[in-house]
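Note that these values count all heavy atoms, side chains included, but never hydrogens, waters or copies made by symmetry. So that the names make sense, note that chain A is the first sequence line, chain B the second, and so on, each numbered from 1.
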2 protein chains.
Amino acid sequence: MDMWTPLLLALLGASRAFGYGYEEHWFTTQVDHFSFANNDVFKMRYLVNDSWWDGDGGPIFFYTGNEGDIELFLENTGAMFDIAPEFGALVVFAEHRYYGQSQPYPNVSLSDPARAGFLTSEQALADYADLLTHLRATLPGAQASPVITFGGSYGGMLAAWFRVKYPHVVQGAIASSAPILQFTGITPCEAFGQVVTRTFGKEGDMCPRVIRKSWDAIDRLTADQEGMDWLSDAWNLCSPLNSSQLTDFKQWLNDMYTNFAMIDYPYPASFLSPLPGYPVKVACSYLHDDHGNDDRALLTNIYDVINLYFNYTGAADCVDTGSQGTSSLGDDGWDFQACTEMVMPMCYDGVADMFAPSPWNLAEYTAACRARHNVQPRPLMAPLLYGGLNITGSSNIVFANGLLDPWSSGGVLRSLSDSLVAVIIPNGAHHLDLRGSNPADPPDVIEARRVQREFIGVWIKQYEKVKDRNAFNAAKKRW
Amino acid sequence: MDMWTPLLLALLGASRAFGYGYEEHWFTTQVDHFSFANNDVFKMRYLVNDSWWDGDGGPIFFYTGNEGDIELFLENTGAMFDIAPEFGALVVFAEHRYYGQSQPYPNVSLSDPARAGFLTSEQALADYADLLTHLRATLPGAQASPVITFGGSYGGMLAAWFRVKYPHVVQGAIASSAPILQFTGITPCEAFGQVVTRTFGKEGDMCPRVIRKSWDAIDRLTADQEGMDWLSDAWNLCSPLNSSQLTDFKQWLNDMYTNFAMIDYPYPASFLSPLPGYPVKVACSYLHDDHGNDDRALLTNIYDVINLYFNYTGAADCVDTGSQGTSSLGDDGWDFQACTEMVMPMCYDGVADMFAPSPWNLAEYTAACRARHNVQPRPLMAPLLYGGLNITGSSNIVFANGLLDPWSSGGVLRSLSDSLVAVIIPNGAHHLDLRGSNPADPPDVIEARRVQREFIGVWIKQYEKVKDRNAFNAAKKRW
């Protein structure tokens, strides 16, 4: 904390000091920014760190919170505070509506669209624009501060779209692992599973081959109660399997492999689950293909991978197939978003990927969403409102994608213009570049961060010029 | 109509042929594009003329309909079809939701925000984006068509904001008489009235001086019933004045002078009301200042101006103080918008302007809006969502403003960048440049239209390049 802190706290109405040198604040904004049928307001939470801020126009580094408690992202976005001192930046983490403590309607049911229906990316971006406008208007020295947004995954989509939609609020965006192209009609549904498979395949062909074989083994074994009982026991499941859960059970397993690829970081981390460095390599080192036709031997072998993912710390008594190991991500909220705006088609063929064949079926998907949330998905909403790949009318975004990360399938992998820049991190997993620097970082992520810093500097300089011209115009404006 | 017409009609499901060579069509879209609390859809109307279209990628000229029946704007936007042949353009006029025949909830009460609350500019722009995406997807030859938006007044704001918010849909915008700066904290409230006064003053000082004196005369005369009766008779009012109407009555008179300035066209026209060429000059020629202290003589003189505005055709039996003479503008809808998002502060001091002194009072304004529409105005909504003057992150907009037009007070009068260009029309009134060419056009509006054509050509060429690069990128995209 520097000399400004007491003043800042007074101005922002800070409620309590927070970990990592952050202060927690609240901001009141509209539930519906775009219409007048609902005039409710709610309080969103944000965290501020002014330790490094040049309070005379220094930039604001703004994390566009995504689907979870903002503290989770604060803990996994060290890159922002690694570079804040160099730029004299104020660091702000904003919590996404309907996640963490930022609840428009506390204890809302996500099957009540009349209240849950305002959980959309457009509304969240308007929250952030409102918050930043407030900060610029009320924080001494921030009035002319350039704003650089940061975000990873869905947060990266928000960081980029924030620049696209609010260029008057945001001067540039670092969009990490942001699958803005993972939508209907833009990216083929099979791409995602193929990247997961490629990441497992980097350790050799055997690893995806064993996993690919396991799906049929599961089907054969779970065809009767005796086999299900065996599997429940062999995999140490918290609740014994029954036949009505089989679809969800396989989806849970599918998600686990996907998560392995997402968090295939070069050092031990605990983003989605505590895991050793390069966990895919460790997982694959457990798998072997000498089971012949013995399904039970094969699945016992697969259990070693499950146990790695769900019990690396040794603290778990059993394996909970109802979770992916992280409690801070708002899975229910995301499920609602996936059922409304964030419809990202995925399909698997079991040939080019290592998963059980499963076509993309919008009708089934829609029926399931109707049943769970009483909503009708709008698969074309995000492409309509944000433009898909067709964003060359915008500027000042760095899209960084690690090629180990399944979500790179929907990422911007080629630069679209001089100021819409793609940075590829061949040895990077899901937004590795946003994590704090680490001795185990591969050179390509170090280079990615260098490029990001360089562009941030360019955007800030560019904004100084525009600011000067705006001031000039404002002074000269006559009617 | 060219050879494509039958095919187009079949594809678009045209319902009937229309005046000016236009076909009328309907498009179904969401009532709420940004949330899922309301999942209703409605049909919006749009008019299409393909007489001049180069159906192999020729541009789409898209009028962003504003507050009225779209036919009114079709009839007053001849500039679009003057230049359509040169560009081989498809011409589309889209009707704004809640106006004309594009009613999400037919016969909705504008004091029922649960249903009327979706009457906002953001929702209207999303309608237009949805419609254009549909047209590009379904019209053979339109897939890669650049879109140029046109609009005047609020329609000009929409044309510009459409480019700002949807650069993936819109390649460039001609925003005529678009007061995007007429909002709280951007333009002083006194500016508007001063421009009206300046326009009346161009005929000499006497004209605004007489009008300025008339307000006190009205106050003195309407202080008692006898005076009100006299005035009702002298001004041939359809309904006799009573003291409860005096505020509205003076507002009606205020609006009339404003409208005179807005439609001070160089030739006879009937946009808001049928009037001769340069009607302000005609009005001022009626006024003289030799009334001494005779209020009745002064107001009898003012009646000549009223009679000019409301009865130039000689068809009116009496003067209706409940109207401004045009039935196609949706005054009620606009009043709702002015009470919600389009809060444009105006004030008068009677010194620098010719009006009765009247401060801007947000509390009173809010109370009146609550009473009329059950809504709470959000004066900072438009600046928050669109950025006010701070749109240098955007591009490809020509802002044209006539300096006779009061709305130029909130217009962009200086270029903000090489591609955010201000064009001033010293002898132009409200979106004169969008009207069809006329032998009486002053040279400055001819030049303004030339500049607009030049930029349209540049934007179309620019888009060809981006299109090529996008196609290249799409072809090379791998995950």
Counting only N and O atoms by type, is there a donor-acceptor contact under 3.5 Å from the side chain of B:Ser109 to the main-chain atoms of B:Ser111? yes
Can you confirm whether the side chains of B:His168 and A:Asn390 place a donor and an acceptor under 3.5 Å from each other? no
Using atom types as modelled and distance alone, determine if a side-chain donor or acceptor of B:Thr199 lies under 3.5 Å from a backbone N or O of B:Leu404. yes
Which bit of B:Thr340 comes within less than 4.5 Å of chain A, counting heavy atoms only: side chain, backbone, both or neither? both
At a heavy-atom distance under 4.5 Å, which candidate from A:Asn396, A:Leu385, A:Val375 has the highest pair count against chain B? A:Leu385
With a 3.5 Å distance limit and no angle check, can you tell me whether A:Ser415 reaches the backbone of A:Ala422 through a side-chain donor-acceptor pair? yes
Could you grab the distance from atom CD of B:Glu341 to atom NE2 of A:His33, nearest 0.5 Å is fine? 13.0 Å
Please tell me whether A:Asp127 and A:His96 have a donor and an acceptor in their side chains that are separated by less than 3.5 angstrom. no
Quick one: which of A:Gly387, A:Ser35, A:Gly393, A:Ser121 has the most heavy-atom pairs under 4.5 Å with chain B, could you say? A:Ser35
With chain B, which of A:His373, A:Glu122, A:Gln30 has the greatest number of heavy-atom pairs at distances under 4.5 Å? A:Gln30
For A:Gln143, does the CD atom have more than 12 heavy-atom neighbours from other residues, nucleotides or ligands under 6.0 Å away? no
Identify which part of A:Arg115 has an atom lying under 4.5 Å from any heavy atom of chain B, answering side chain, backbone, both or neither. neither
Please flag which part of A:Asn38 lies under 4.5 Å from any non-hydrogen atom of chain B: side chain, backbone, both or neither. backbone
Heavy-atom pairs under 4.5 Å with chain B, option from A:Val169, A:Asp112, A:Thr120 with the top count: A:Thr120
Give the member of B:Arg163, B:Arg378, B:Lys165, B:Gln123 that has the highest number of heavy-atom pairs under 4.5 Å with chain A. B:Arg378
Under 4.5 Å from any heavy atom of chain B, what part of A:Pro406 do you find: side chain, backbone, both or neither? neither
